[in-house]
Structures are given as C-alpha cells and as structure tokens.
Novice: 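Encoded as structure tokens, here's the structure I'll be asking about.
Computation of the quantities below employed the complete heavy-atom set of this structure, encompassing side-chain atoms and omitting hydrogens, waters and symmetry-equivalent molecules.
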Amino acid sequence: GGHSAAATSPRTARSSGGASGGPPAAMSVQVEAERQALDKYLKENQVEATVQEVIQKLLAAKPDNPREWLLGKLEEELSNDSNDLSETDLHRLFASTRKIASEMVPQDAINSVIRETIFLLHCDRVSLFVLDKKMNMLRLYASNLVTPIMVNPGQGIAGSVFNKAETVTIPDCYKDSRFDKSFDQTTGYVSKSLIAVPILDFEGTPVGVIQAINKLPADFTEEMKGQAAAPVGNSSLPFAGDDEKILLHLSQHVGIAMRNAQVYREAISASERATGLLNTIQSLSQDLGTQSMLLTITMHANKIVSSERATVFLVDEPNQQLWSVSTDTGQEIRIPKTAGIAGHCCTAGQVINIPDAYADSRFSQEVDKMTGFTTQSILAIPILEDDVARAAIREESQKRKSLSAGDLREAMNAPGDENESDKVIGVIQMINKVSFDGQLEIFSEEDVEVMELFAKTVGPKLALSSMLARRHSENPEKKEADMALGKSDMGSGSAHKRASNVATPAMVTMTEEEEEEEEEEDS
C-alpha cells in the first residue's frame, strides 16, 4: 500500500502543477503576442489618427443622426476609392454630354462645355484650352472671359497638363510652384483649389485641357456669390475623387465634340470658298469699269477668305504707285509702290503671310495707333501678268478702241524681262483672318492656295483694266466709284445717267462703254 501511495504521489503532483502553472502561462504568452500584433497594426495603419479625425469631423458637423452621418461619410469614401460613379452622377454626366454633343458650331460647343462643367463640378470658374494647330498655341476660353486669348503650350498648370497629358489636382494653388499668381494679383481673384484634365484625340494626342477652379460647398448658391464680402476662393473646397472621375469621363466626350465642330467648320469654309469663286467668275463675265471691278473683286475676295479688311491694289507704273478704291466711301486710295506690306509684296512679287503683324519689322503700327484698329494677321498676294492675261488683253484690244497702240505694247510686256516684280499688276491684301463663327485666326496654307487661284482668275481682267488706271489718275475730279455711289454733282445730265447705274452701294456695275460715253460727253 505504501508503494502504491508513493507511486501515485508524483503523478498527482504533476497533475496539480499542470493545472495551476502550465496552461495559465501559455495563455499569457498568447495574449501578449496578440496585444503586440494589435499595437503594430494600429501604428502601421494610423488607426488612432483616423479615429480622431472622424470624431473631429463628427463634432464639427454636429449631425442630428451621428450614425447615419458616419455611414454616409463611409459610403462617400468608398465611392471615391472606386472607379465607378454613383447612379446620380452618371445621370447628370449623360445629360451634360447630350447637350454638348448637340452643338455643331464651334463657339456654341465651347460655351456648352464650360457651362456643363460648372454644373457638374459645382465650381466657380472653368477654362477650356483648345489647341490651334495653325498657330501651335492654346486658345483659352473661360467662363470669365468675353473673348478668347492665346496661351503658349507649356505655360502655367494647364500648359504642363497639356504637355504631359496628365491630370493635376491641387487643393491649394498658392502652395504649388507651377501656379501663376499674376492673374490673381492683377484682378484680386483668389484661386484656391484646381483640377485640370487633358483632352485627348483618338490617337491619344493632347488637343486641349479642361480646367476647373474653386470647388464650392454644396449649399453655396449664385446669390451667395454676389453677396460674399470675401473672395469666393476663401470658402472653396478641394476637388474630390468623384470630381476627377467626372471630368475624365467628360473630357472624352469633349474631345469628340471639338472634333465634330472642327469638321463642321472646315465644311462651311470649303463651301464658302467654292461659292465665292463661282460668284467671282460670274461677276467677271460682266463688262465692268476699272473701279467697279476693284470693288467687286474686293468684295468676293473677302467672302472666299473671310477677313476684317480686304483691299485690291492696282499698279500705276507711270506714277510708281499702288491705287485702289475704298469699299466704304468709294474714294480713291493711293500709296507709294514700295510702301507697307502691299508694297513689299509688289516689289518682290511674292506671297507674304504674317501671323503676327506687330512682330514683323515690315509692318508700320502708325495707322493702328491713329485709328485704334488692331492688326493681327496679314496676307498679301501678288497678281501677276501671265500669258493668259496678255492673251486676254490682245483679244480685248481687237474689240475695243479704248486702248492706244502704246497701251497695247505696254500690256504685251516685251519678252526678256526676267524681273518677276516687273510683271506684278496688282496686290490683294487681307487683314485679320476671321473664322465663320467670328474668331480671329491666322491665314493658313489653304488660304494662300485659294487666294493664289483667285488672283490667277481675276488677273486677266485686271491686266486689261490696269491699262485704264492712268485715265482715272489724270482726271481725279470725276471718279467712277464716286459717281456710282451717288457722290458726284447731280445737276448735270451725265450725273443723272451715272446715278441710274447704282444697284446697291456694295456692288458697283458701271460698264466700260458707259464710261467711254461719259468721257465723250465731258470732252
């Protein structure tokens, strides 16, 4: 019995020791390991800071239902982390893209893009930068600009977005070195938050930039904007993730809309040019006097390539002058043969295409300073006396007696003269190219080609008329344009006859035969 008791005693001791000391020690080690893992997780994920931030936002908002508010914030955060837009945002985006796509006229499409972007992002201002491939510059349209301005690619934040084709979101512009503060300093406006997204074509090449400034609070209205004492930028918010997603989706539709508008613009321009050339040919079939022809050709030139001003000069070799007729007053215009851009074109016998007149040393700014007019682009096309023109003069001389033998010899331009400028009989000068929707542009290579064709078309008629130019200059008291516009003495019989030839002030149609009859009466 004693042996049995002794044998079982150690087992009992081990059993009681395991129950009181072994398992509790193991559990303590496990709890310590879990606590260390939890501390590591809290530190790595900044849980305490996140909780403190949520509590601070909750206390600042003081919602009536904290639980519902917290769930709403959680849903918003999840939405920002997702690539999908909410159903509400999708409906708003689709409605805006339909409105933008419905516009075909370029300026109307641009206005629609700016208006819908302001609506979608609920921001204060929107700018649209569109690449002008002819000028290799960005044309800036903005909600706060009446007329667009030109911006160099690479200038400012929008220029950086254009060059890199990357989206930029800035919560505070004044803390970003790329932001140009000069505009704010000049106008007093405060740009705080900003988002800019590139507009890409089908090949992924940047063709523009959409830029939104100053995200407004949800309860901010237009009335509040007008009543606010402080700048709107002071109360603006950073743009959220959903704003970037909306703008990225919108930019794709804007790229398509801009392309459609450009195709429409080119189609309208081609149609206007074809119509203008046909009308020119039809007008030249009439038997017009010299000044009447100048007025008619000037009018058609301005329709073929629309510009703010157009003038057709004829060369007066005896007086070494270029002369024309004002389409506004009918008065004769005379300048030295070598003066101005038209003079350079005449003496060189070459096309002159100037995209920026003020950057060209040949341009004189004196006229602009006197009149207040701003010259931007200039196109000068020489009208050459070619074989076709000389053939037309020879044919016309057989039907008319108005050309003297000396005039005919001068018209034939004896061979052997290799100086191209000596063959120039006139110059077509156009100032400030205007698109069909009223935007200033520069003259393109297509404009040069169509105007060279126009010059060749009108050249034969002007070559014949230029022989009569001296007749007008020798008798300055009686100008055909003055008579046709009703500005001569209406007391004489010939004056009554001249007045009867007026159709409209814009289109003068006095014939050479009537001009000759009047000269016989006056003599």
Novice: Taking all non-hydrogen atoms of both residues into account, name the closest pair between Pro238 and Lys215 and its distance.
Specialist: O-CG, 4.0 Å

Novice: Under a 3.5 Å distance rule, please check whether Thr205 uses its side chain to pair with a backbone N or O of Asp201 as donor and acceptor.
Specialist: no

Novice: Quick one: are Val209 and Ile157 in side-chain contact, heavy atoms under 4.5 Å?
Specialist: no

Novice: For Asn65, does the CG atom have more than 12 heavy-atom neighbours from other residues, nucleotides or ligands under 6.0 Å away?
Specialist: yes

Novice: May I ask you to check whether Glu266 and Gln262 show a side-chain donor-acceptor distance below 3.5 Å?
Specialist: yes

Novice: Evaluate the side chain to side chain contact (heavy atoms under 4.5 Å, CB included) criterion for residues Ser236 and Asp124: first the C-alpha distance (whole Å), next the side-chain angles of each, then the deciding distance (0.1 Å), finally the verdict.
Specialist: CA-CA 9 Å; Ser236 66; Asp124 185 38; over 6 Å; no

Novice: Is a side-chain donor or acceptor of Ser271 paired with a backbone partner of Ile268 at a separation under 3.5 angstrom?
Specialist: no

Novice: With a 6.0 Å cut-off (strictly less than), is the heavy-atom count around CD of Gln365, excluding the residue itself, greater than 12?
Specialist: yes

Novice: Any chance you could lay out the salt bridge (Lys or Arg N to Asp or Glu O under 4.0 Å) test for Lys57 and Glu53, step after step, and finish with the verdict?
Specialist: CA-CA 6 Å; Lys57 290 181 178 180; Glu53 182 183 354; 3.3 Å; yes

Novice: Are side-chain N/O atoms of Tyr189 and Asn144 paired as donor and acceptor at under 3.5 Å?
Specialist: no

Novice: Look only at the side chain of Asn432 and the backbone of Ser377, and say whether a donor-acceptor pair between them is shorter than 3.5 Å.
Specialist: yes

Novice: Using atom types as modelled and distance alone, determine if a side-chain donor or acceptor of Asn353 lies under 3.5 Å from a backbone N or O of Phe443.
Specialist: yes

Novice: State whether the side chain of Ser193 and the backbone N or O of Phe239 hold a donor-acceptor pair below 3.5 Å, judged by distance alone.
Specialist: no

Novice: Looking at Asn214 and Lys192, would you say the former's side chain and the latter's main chain have a donor-acceptor pair under 3.5 Å?
Specialist: yes

Novice: Going by atom types only, do Asp447 and Ser444 share a side-chain donor-acceptor pair under 3.5 Å?
Specialist: yes

Novice: Could you tell me whether the side chain of Arg139 and the main chain of Val130 form a donor-acceptor pair under 3.5 Å?
Specialist: no

Novice: Is there a donor-acceptor pair under 3.5 Å between the side chain of Thr298 and the backbone N or O of Thr311?
Specialist: no

Novice: Taking the side chain from His122 and the backbone from Pro217, do they hold a donor-acceptor pair closer than 3.5 Å?
Specialist: yes

Novice: Going through the checks in order, is the side chain to side chain contact (heavy atoms under 4.5 Å, CB included) test met by Thr97 and Leu250?
Specialist: CA-CA 7 Å; Thr97 54; Leu250 184 67; 4.0 Å; yes

Novice: Test your reading of the model: is there a side-chain donor-acceptor pair from His253 to the backbone of Ser96, 3.5 Å cut-off?
Specialist: no

